[in-house]
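Chain A is the first sequence line, chain B the second, and so forth, proteins listed ahead of strands; every chain is numbered from 1. Small disclaimer: the values here were computed from a predicted structure and weren't measured.
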2 protein chains.
Amino acid sequence: MVTLADVARRAGVSKSTASRALSDGRVSAATREHVLRIAAELHYVASPAAVSLATGRTGTIGAIVPAFDTWYTATLIRGIAHAALRHDFDLLLFELGEHGEHRDRAFDHFRRRRHVDAVFSANFALTRREVGALRDLGIPVGAIGGPTPGIRTWCLDDEAAGRLATQHLLGRGHRDILFAGGRPEEPLAMYVAEEARHAGYLSALRSAGLAPRPRRALLPTVAAAKEDAAAAFAADDRPRAVVAASDEIAMGYVLAAREAGLSVPADVSVVGVDDHPHAAAFDLTTVQQDPAEQGRLLIDWLAGEIDEPSGERQHTALAPVLVARGSVGPAPAA
Amino acid sequence: MVTLADVARRAGVSKSTASRALSDGRVSAATREHVLRIAAELHYVASPAAVSLATGRTGTIGAIVPAFDTWYTATLIRGIAHAALRHDFDLLLFELGEHGEHRDRAFDHFRRRRHVDAVFSANFALTRREVGALRDLGIPVGAIGGPTPGIRTWCLDDEAAGRLATQHLLGRGHRDILFAGGRPEEPLAMYVAEEARHAGYLSALRSAGLAPRPRRALLPTVAAAKEDAAAAFAADDRPRAVVAASDEIAMGYVLAAREAGLSVPADVSVVGVDDHPHAAAFDLTTVQQDPAEQGRLLIDWLAGEIDEPSGERQHTALAPVLVARGSVGPAPAA
DNA sequence: CTGTTAGCGCCTTCAC
DNA sequence: GTGAAGGCGCTAACAG
């Protein structure tokens, strides 16, 4: 393995001069160029371990995320990986496990090995204790999620998204609108997005002077939604308009409607949230968000913060955009 | 930060003794216990950078993967993250980009910073040159994918999967079976799985003395499949039985069938491959595979290989399992 | 601007 | 069984 010493010797300078030439340090232009050429010839690359030991910096960013096998998290990580690469940071992944079984371990992990220059969590609500654990790390911390005291955060303006979806149905004349989503207590009940979207739904109805239906509580999966929808459509007062907390839920409702012999949108209108890759094939009207872009914002900020901390802690709510497709029709004549 | 020196001083022993006590070294039982207690009290954790510099080991495993935002890759990574944690390895992620735009950079990246103890690629076919680049790293290398000379690999027995799916349709009396999948040339054309599944389909038909239909070539997404299926169903000799190269393709076909007024399975039978989380909601008969389990196998092997290299290079083909649901019916009377 | 000198924190011979 | 000393590769004062 070729070390700095090799480069220095071959270039006829001291290690420190070589080191300066390779980084920012003050060296004559001639020396710098010379050292750089030698280094290139020798394919020299600094040992990350040595650099880290000497500087305290690791060149990597840590991620704490729930199970990736959801469209949202996976797409977010894609954006993050891309942005990290652009800033020349490595990405270290810590997964909470399918049922959050490694959740406690995650925070301890980063506390013990201090091997990242910045950390972030994504897609689950941090407890106050966890926020404390992250802040104690003494490195920049960010999160993809709702407003969290003490941490810089980003996410879709979920309340606005719920409101937008609901208003879209109101605009087509619907007066009796159901909200589907928000899951029962369970170990991995980590999201608050569904709650916020429901709040937006309530707010839109309230402004219109309309009463909400009781919310359908369910896990945010196609399977759970389909099962729930089957029950909803079998009832006497079957819903004619549905705001789903996510596209996966919306898809479950669409599948169940068809199975019940109902037509979308003639018999039921459905709006989702996400603009999931499958949404178009379902001809689903939805409120769009772009997790990859959210990841980019996060990493860009963290990278800057590592260089010179600003101490910012505010929340950024990203504006929702409605994508109109064919799953919403006019309200049935009363 | 508490260092080994702190522990040693507090325990009244030398750094070397403390070091031995904390690792494997020969020390008296009493000393070991004492040092261990002190270390625990002080919440001592060895600096990864220092350990790495001294031993050459980094305690992390590198992953090279295509865009995660597919069910397969995301689930695989979940299994891998879990297994890595179990072996106390950190996971470093390198993403190839949505269109493979960082593909070249990936291999160079690991070559330069030698900061992982093992690497693997997943879910794309390595070129001969890339295989060489990985092997030159001088660390254990594995891959999730088809047989690759020089590398230990794992994946679903794709040919058997294609055969199994086809045989299932044959068993219900179908004689005219279409294969959908295998995409046209494009930057990210990295999978060979679809080809192997098609080979299995051909083999099953050949054994039955039947002729295949021309394959439907398309990108492996629900959207692309739905569009393709719409065309297929509009033709005069519309297919009555379809083997889809993946569940996403199968779902596209099911959605298109319904839109064309065809009933599944009365008018069309469809079999997929994967057992995607949405498959049940589509009542899709499919050939199952478990990416998370595949990831576990890979990491377990790599972890062992880091300890003591075996030099194994064979391929492991995982047996497919058919999951019968409702998307396959008997062949129409001739 | 450049070279010398110390470490960063740990492991590992080598003596004892 | 234990301690002392040296080195892993690099950066950061400190002199010159």
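- Going from atom NE2 of B:His115 over to atom P of D:dC8 covers 22 Å, rounded to whole Å.
- Atom CZ in A:Arg20 sits about 11 Å away from atom P in C:dC1, given to the nearest Å.
- Atom NZ in A:Lys15 sits roughly 13 Å away from atom C1' in C:dC8 (whole-Å rounding).
- Comparing B:Val13 and B:Ala50, the nucleotide of DNA chain D nearest to each residue sits closer to the 5' end for B:Val13.
- Going from atom CZ of A:Arg32 over to atom C1' of C:dT2 covers 13 Å, rounded to whole Å.
- Counting heavy atoms from C-beta outward, A:Leu4 and A:Ser19 have side chains that approach closer than 4.5 Å.
- Rounded to whole angstrom, the span from the CZ atom of B:Arg114 across to the C1' atom of D:dC8 amounts to 15 Å.
- Checked by atom type and distance alone, the side chain of B:Thr148 pairs as donor or acceptor with a backbone atom of B:Gly146 at under 3.5 Å.
- Within the structure, a side-chain polar atom (N or O) of A:Ser14 is placed less than 4.0 Å from OP1 or OP2 of C:dG3.
- Nucleic acid contact class of A:Thr31 (heavy atoms, under 4.0 Å, all strands): sugar-phosphate only.
- Side chain of B:Asp117 to backbone of B:Ile61: no donor-acceptor contact under 3.5 angstrom is found.
- In this structure, A:Ser16 reaches the bases: a heavy-atom distance under 4.0 Å links it to at least one base atom across the strands shown.
- Out of D:dG3, C:dG9, D:dC10, the shortest distance to the side chain of B:Thr17 is found at D:dG3.
- B:Leu22 places its CG atom 13 Å from the P atom of C:dT12, with the value rounded to the nearest Å.
- Ring pair B:Trp154/B:Trp301: centre-to-centre distance below 6.0 Å.
- Between B:Gly12 and B:Leu53, the residue anchored nearer the 5' end of DNA chain D, judged by the nucleotide with its closest heavy atom, is B:Gly12.
- Of the side-chain N and O atoms in A:Ser19, one or more sit less than 4.0 angstrom from OP1 or OP2 of D:dT11.
- Summarising the geometry, the separation between CZ on B:Arg9 and P on C:dG9 is reported as 12 Å, rounded to the nearest angstrom.
- A:His82 has its ring centre less than 6.0 Å from the ring centre of B:His102.
- One finds a side-chain N or O of B:Ser28 lying less than 4.0 angstrom from the OP1 or OP2 phosphate oxygen of D:dT2.
- At the heavy-atom level, A:Leu4 lies under 4.0 Å from base atoms of the strands shown.
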